[in-house]
Amino acid sequence: MLKPNVLILRTAGTNCDAETDVAFQVAGAETALVHIQQLISRKISLLDYQILAIPGGFSYGDDISAGILLATEMKHKLTDALHQFIDDGKLILGICNGFQVLVRAGLLPATEGNNPCKAEENTAPRVGAVPCACPPEIAQRATLAMNTSAKFECRWVHLETQQSPCIFTKNIKARVYLPVAHAEGRFTAPPEVLEQIVSNNQIVFRYGSGAQSPLMERVVTEYPHNPNGSDANIAGICDTTGRIFGLMPHPERFLTKWNHPRWTREHLPEEGDGLAIFKNAVNYAKA
Amino acid sequence: MSSAKTVLTPAKQGQHTIKKIEMLKADDAELIRISREGTLSLNLTEMQAIQTHFRGLGRAPTDVELETIAQTWSEHCVHKTFKSMIRYSEQGKEPEQIDGLFPTFIQRATQDIAKPWCVSVFSDNAGIIEFDETYNLVFKVETHNHPSAIEPYGGAGTGIGGVIRDSLGTGLGAKPILNTDVFCFGLPDTPYAQLPKGTLHPKRVFKGVVAGVRDYGNRMGIPTANGAILFDERYTANPLVFCGNVGLIPRDRCEKSVEPGDLIVAIGGQTGRDGIHGATFSSAELDDTSENLGSVVQIGNPIMEKKVVDALLQARDRNLYRSITDCGAGGFSSAVGEMGQQTGAEVHLERVSLKYEGLAPWEIWLSEAQERMVIAVQPENLAELMDICTAEVVEATVLGCFTDTRKLQVFYEGTLAADLDMEFLHNGLPQPVKQAVWNPPHHPEPKVAGTLRVPKSTETLCCLLASPNIASKESVIRQYDHEVQGGMVIKPLVGVKNDGPSDACIVTPVLGSRKGVIVANGINPRYSDVDAYHSAAAAIDEALRNIIAVGGTLDKTALLDNFCWGNPDKPDRLGELVRAAKACYDIATAYGTPFISGKDSLYNEYRDTTTGEQRAIPATLLISAICVMPDVSSAVTMDAKAPGNYIYVVGNTYPELGGSHYFGLQGFVGNSAPIVRPSEGKLTMETLSTAIRSGLVRSCHDCSEGGIAVAAAEMAFSGGYGMHLNLAEVPTSDEVASVDVLLFSESNSRFLVEVEPQHRETYETCMTDVPIGCLGTVTKEPAFVVNGLDGHRIVETSIDVLKSAWQDALQW
């Protein structure tokens, strides 16, 4: 089987592209770091790739608000390619700033109620094609607001894996440990949108205390376990198909045990918690 | 950007003329006036040298020429104090003549140590050392003190932006991989009524500086993982901001050259009126009117700099240019003047891309607008370079070319605005002659208590942990992204709750490889009040201790020196500088750790123009250390690991409380500052380093501010365990008898080490040649208990009490 091709999207201010690149390579993919100008000018086609990754950073300085300029550029300058890519059943991963981009572009949460794809396409998927998750007239339905601590923070967080259709977290551990580093990571949405996200099982990761506790619902886990004050402790969500996934924590920063903040005092497996996410994506694209 | 152009008034006719400065017939008073009114920071001897040169040419200099010379000869750019002839006298000794502090004490140390892994020292924008088969490392630390005093956010942000460009401008360009930041501020609880006129409150400076470094460093995607924050009332009017950057560069990209015919290409940000006269401004004292000098502070845009890095590293890998340097202090004048020093250069200022209209030619030439680099491009490579810049949406402009005239020729719209001999520009500066004197001060001594008892000594320990210099800096550290680039293996915060104070950070810059880089620092301005020699020596010892404590070795460690001093034209201040420079030579050569780069920032003084009150900072030397580690898997951290393990102190304790935090709490300085005994210290560090690499050590923490008591408390609460210690086991010099010395003395070259019972014997055998003492054990019960010499309990409390004292002090 050929290695799947991953397009790692870059623009001014992207800064986690190199380690995201390494993560996908370790997971067994062919990767390309591509500046959005090369897609806009059609020198490179998105459709030649099976996975689109939008890495962390400060795209365009996060001017106006985090991720909004890149989101607008993708929505309006890559419209057709992006829709085709989603229609083709391919995968999109947004990490940190990439998650902010996906939310601002309306690609997440993309709840059913918000899925403006024509009803007949939704109910009667084309033969041989996966159900359409593509919203042509995309509206932003949630946001990632300023942390309740009102500042940028870098710390490791415990994540509780939820039951979800997410391709990227298939068979992943029940509790995952990853670092966050952001100022605008507080996931918040109107109550009806939150309800849909919950009832569709779109929540992939919630912030937890790391203790063995029942899965939390709306209770806000105390700071700093929930590092930003997110609604329902949401750390990452997917669309209803599980093929579009965004999260604030950085899985690419925990690929080996040497990344773990306490490897000098704990017995840890060689592989870091973050690598499984990239492996799942690669395996899905191979199949 | 186009909208900005319309906001500002358009250029008036004739505004762009080049002025002649009539100085050929000027008398001394007139020369001084020209220098002062033009913010040139040139003294009379220098003005006379310029006058003589132009008399010889039979013409007056233009404003562009005079500004170029002032910038090139500024303290900031040419470091003339460190090259000056110094007549030094010390109480009771024969006067001495020193032909340059830099060649005599810094450069000579590196030459004498002669490490083969030093690739480039003191010649490029940063020092270069070997890393692995493919890469070398570059390291540079800069200061941005004067701008940060006036505009903390912008000053600190452009400080980090500037030092990143130093890495990018070293060799043919290094990829920035790590930031380090050290700040010195006034006391956070300074009453507003006591603020010197025209200065900002230390808390305001603190918050602005941290935010500036955070926003610039985080946006650049460079982990900020090492640093320090110090407080002293004498930094109120002159805060210090040290910004450092480590870069990774391919081994075959470390050399640069310029050939006549190469194009001078400016790449990056546009040029505006921000940062005019930064180089000369920072070469003078501040006073209560300095806050009005808004235009001397630059305006930063980290995303522009990120784009420049992205574009240039691609161009570097395709070999599209032959030389590169950054536009820092002095702007194009400095960058082109330095690059073309051996050839000659021709520049056309009207080609420069401007933020807005209305700049005079000399302003375009001198502007310190940020995020600009200058490269020397072979004409046949220009098209390919431009393609990269277009793809990355970065502006690049051909300003002129390098020539073989050995002249710096600057044109504006066809008119020759400057026509300077490179020889005069770079070598015409008369060597200054300065006087230096040092008389040992004598401070009152407090009474040293022979006996201490709970609860007083417990309270003292809590007070020390809560003092701003020692207290946790977590609220600052977490605002920096220290995980970006994915290679941070020993983080700035360690321990069971990820909140203990790591001695140093370790990064693996090549993902997939376990080869690591350790970065640490040492800084002890308090000891300067006793003797700047001991302060400098202790700074080196501390930086090296931090390297050793996490698993590094002396033989692969290099140093950087950053001197921040008062006015060196005052003999007593210069005397302290001589003392510190001598220590740099003595201690660096004894430890075998070469200096690879450094910088000085002088004139950190403040004058109230109404009262005439003068304030100077304490003599402050920052030593930054970098060590290459073959395999990070042998690293250790400072947090106590398991109950039942033994706690050892390594190295002798001496009665050295002068300048200590313990004396400071009581309002005293004292006279017995900690002395570095390099032969003892070297043996201790090398032996301990072997023990750590042999896997005999579970945790290790350096003893510094607050002595053994603070170090042990930090180890205990970071690990979440208690400790039961007995001071009678502390190895000492003969004359030590009092328990407060044992607890709080800040003697150098000491460590606390945790050893598992199964390794005890092997460890003790390994450490035979070094004074060690087994103080006690780590306990499961979270109590911190210390017994004195007579077996009485002198400290008894819970680790939670100690941790709260340490954590709560700076949580704002």
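Letters A, B, ... mirror the listed sequences (proteins, then strands); counts begin at 1. In what follows, every heavy atom counts, from backbone to side chain, and hydrogens, waters and symmetry copies are set aside. Note that the structure is a prediction, hence the values are computed from the model and not measured.
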Y60(A) atom OH, over 12 foreign heavy atoms within 6.0 Å: yes
Closest approach of R265(A) to G719(B) (non-hydrogen atoms, all atoms of both residues): NH2-O, 3.2 Å
When L255(A), T256(A), T14(A) are compared by non-hydrogen pairs under 4.5 Å with chain B, the top option: T14(A)
Pairs of heavy atoms under 4.5 Å with chain A: top-ranked of A642(B), S699(B), A635(B), G487(B): A635(B)
Minimum side-chain heavy-atom gap E266(A)-V496(B) below 4.5 Å: no
Region of M220(B) that comes under 4.5 Å of a non-hydrogen atom in chain A: backbone
Part of T390(B) lying under 4.5 Å from any heavy atom of chain A: neither
Beyond-backbone contact of V484(B) with C16(A), side-chain heavy atoms, under 4.5 angstrom: yes
Heavy-atom pair count under 4.5 Å with chain A, highest-scoring of G512(B), A211(B), P302(B), G495(B): G495(B)
Contact origin within E305(B) toward chain A - heavy atom pairs under 4.5 Å: neither
Under 4.5 Å from any heavy atom of chain A - which part of R219(B): both
Minimum side-chain heavy-atom gap H250(A)-E483(B) below 4.5 Å: no
Spacing of D21(A) atom CG and L511(B) atom CG [to the nearest 0.5 Å]: 10.0 Å
Separation of R262(A) CZ from D639(B) CG (nearest 0.5 Å): 10.0 Å
Side-chain heavy atoms of T508(B) within contact of W258(A), under 4.5 Å: no
Contact winner vs chain B - A181(A), G61(A), S149(A), A183(A), heavy-atom pairs under 4.5 Å: G61(A)
Engaged part of K307(B) at the chain A interface, taking heavy atoms whose separation is under 4.5 Å: side chain
Option that, when pairs with chain A are counted at under 4.5 Å, heavy atom only, ranks first among M304(B), M488(B), R514(B): R514(B)
Q314(B) to R10(A) - nearest heavy-atom pair and separation: NE2-NH1, 4.2 Å
Heavy-atom closest contact (Y480(B) atom, F152(A) atom, distance): C-CE2, 4.1 Å
Any V489(B) side-chain heavy atom under 4.5 Å of H260(A) side chain: no
H35(A) versus V393(B), closest heavy-atom pair with distance: CE1-CG2, 4.3 Å
K497(B) atom NZ, over 12 foreign heavy atoms within 6.0 Å: no
Heavy-atom pair of closest approach, residues S475(B) and K151(A): O-NZ, 4.2 Å
Minimal non-hydrogen separation, K491(B) against W156(A), with atom names: NZ-CZ2, 3.8 Å
Which atoms of V394(B) approach chain A - backbone, side chain, both or neither, heavy atom under 4.5 Å: neither
Atom group of A311(B) that falls short of 4.5 Å from chain A, counting heavy atoms: neither
Chain B contact via P261(A) - side chain, backbone, both or neither, heavy atoms under 4.5 Å: both
Donor on one side chain, acceptor on other, N498(B) and R155(A), under 3.5 Å: no
Option in Q38(A), H182(A), K43(A), E153(A) with maximal non-hydrogen atom pairs under 4.5 Å from chain B: E153(A)
Separation between SG of C154(A) and CZ of R478(B), rounded to the nearest 0.5 Å: 7.0 Å
Heavy-atom proximity to chain A below 4.5 Å, by part of D215(B): neither
Spacing of CG belonging to N15(A) relative to CD1 belonging to I303(B), to within rounding of 0.5 Å: 7.5 Å
